[in-house]
Amino acid sequence: MRLVTWNVNSLKARLPRVLELLETVAPDVVCLQETKCAPEAFPEDVLRDAGYAAVHHSGGRWAGVAILARDGLALSESACGLAGEAQPDQARWIEAVVDGVRVASVYVVNGQAVGTEPFAEKLVFLEAMAARAAGLRDGPGETVIAGDFNICPTDRDVYDVQAFAGATHVTEEERARLRAIETAGGLRDAHEVLHPGEQQFTWWDYRQGHFHRGLGLRIDLALVSEGIAAGLERVGIERDFRKGAKPSDHAPLVVQWRGG
DNA sequence: ATGACCGTCTCAGACGGA
């Protein structure tokens, strides 16, 4: 199965690039984040014409997550929201079962700045994810939690550690909670399974030519259960989607494994 | 090319993003 996770930074603005991705990468499952659309504005028809069924959690102008499944794959048991999250109306978590695999698409709270209320809510959100991951571990089948975690797991995932001193995304508080999600769910960072220690970025600031200067972060992750980790064939970043006409500031992360 | 963002909403400028 081939899964893509991508923070599109507005599905409306990114629809041509999303259709390009479906055509060229031909994923079985797609986890989208920051769809930024109202429920009634979600482009279900266009995606259906492209050969994908969709479930989505749409909250209006901010956030929003979705899961797309290629036609022919069973898509069921979709559920929106996370028990215990601080602001359920923000539309940051959706999960479903696709072809027997439990898939979650998540857009973790940004946190704005250390010490602020949004940062406290980010930590609460991560704790709610750990609780859900533990619940999924007890369920049947394999699990993938994919999305924009807004955390750099290690210093290696930051282009310049000094530039992020005292900032969000790199604190031990955030990183410890990410590790707690992995432990609770029996999940592994797919990138670390296939490419341990390799620096790979998934996000580059639109400003100051950061992409072309190689200044990015790895904040988009796919956490996979052991059965998937053991069959991983490819974990890679589609850098071409960070180039060209109207790119997102995130590039899609592709995760492919043997079997369903 | 020695400077450099892009969405959203409401209508020039705020706000969020990371």
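Quantities reported herein were computed from a predicted structural model and do not represent experimental measurements.
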Report the nucleotide, chosen from B/dG17, B/dG7, B/dA18, that has the shortest atom-to-atom distance to any side-chain atom of A/Gln112. B/dG17
Is A/Tyr107 close enough to B/dA18 that one of its side-chain N or O atoms is under 4.0 Å from OP1 or OP2 there? yes
Between P on B/dG7 and CG on A/Leu15, what's the gap in Å once rounded to a whole number? 13 Å
Using the C1' atom as the reference point in each nucleotide, state the distance between B/dC15 and B/dC11 in Å, no decimals. 15 Å
Taking atom types as modelled, is there a side-chain donor on A/Glu34 or A/Asn7 under 3.5 Å from an acceptor on the other? yes
Atom-pair distance (CH2 on A/Trp6; P on B/dG7), nearest Å: 12 Å
Nearest-nucleotide check on DNA chain B, A/Asn110 vs A/Leu11; residue mapping nearer the 5' end is A/Leu11
What are the two closest heavy atoms between A/Pro247 and A/Tyr206, and how far apart are they? O-OH, 2.8 Å
Take the protein atom CZ of A/Arg61 and the nucleotide atom P of B/dG16, then report the distance between them rounded to whole Å. 9 Å
Is a donor-acceptor contact shorter than 3.5 angstrom present between the side chain of A/Asn150 and the base of B/dA18? no
Per nearest nucleotide of DNA chain B, the residue lying toward the 5' end, A/Lys12 or A/Val109, is A/Lys12
Kindly write out the residues that satisfy salt bridge (Lys or Arg N to Asp or Glu O under 4.0 Å) with A/Glu198, not counting sequence neighbours, or none if the list is empty. none
Should A/Lys246 be listed as having a side-chain N or O under 4.0 Å from OP1 or OP2 of B/dC5? no
Starting at atom CD of A/Glu174, determine the distance to atom C1' of B/dA18, rounded to an integer number of angstrom. 10 Å
Could you tell me how far B/dA18 sits from B/dG7 if I compare only their C1' atoms? Round to whole Å. 14 Å
As a test of reading the structure: which of B/dC9, B/dG16, B/dA18 is closest to the side chain of A/Asn7, going by heavy atoms? B/dA18
For residues 13-42 of chain A, pull every pair meeting ring pair (Phe, Tyr, Trp, His ring centres under 6.0 Å), keeping only residues two or more places apart or in separate chains. A/Phe42-A/His56
Residues at least two apart in sequence or cross-chain that pass salt bridge (Lys or Arg N to Asp or Glu O under 4.0 Å) with A/Glu172, listed by chain then number, are A/Arg179
OP1 or OP2 of B/dG17 sitting under 4.0 Å from any side-chain N/O of A/His250? no
Selected nucleotide, minimal atom distance to A/Arg92 side chain, candidates B/dG17, B/dA18, B/dC9: B/dG17
Let me know the distance between CG of A/Leu32 and C1' of B/dG7, rounded to the nearest Å. 16 Å
Select base, sugar-phosphate, or nothing to describe what A/Ser10 touches, counting heavy atoms under 4.0 Å on all strands. sugar-phosphate
Rounded to the nearest Å, what distance is computed from the CG atom of residue A/Asp148 to the P atom of nucleotide B/dG17? 10 Å
Pairwise ring pair (Phe, Tyr, Trp, His ring centres under 6.0 Å) hits with a residue in residues 112-160 of chain A, at least two apart: A/Tyr159-A/Phe164, A/Tyr159-A/His210
Whole-Å distance separating the CD1 atom of A/Ile151 from the C1' atom of B/dG17: 16 Å
Looking only at side-chain N and O atoms, does A/Gln256 offer a donor or acceptor that is under 3.5 Å from a partner on A/Arg2? yes
What residues, two or more places apart in sequence or in another chain, satisfy salt bridge (Lys or Arg N to Asp or Glu O under 4.0 Å) together with A/Glu174? A/Lys122
Length of the CH2-P vector between A/Trp62 and B/dG17, whole Å: 7 Å
Which parts of residues 201-221 of chain A get close to DNA chain B, meaning a heavy atom less than 4.0 angstrom away? A/Trp203, A/Tyr206, A/Arg207, A/Gln208, A/Leu217, A/Ile219
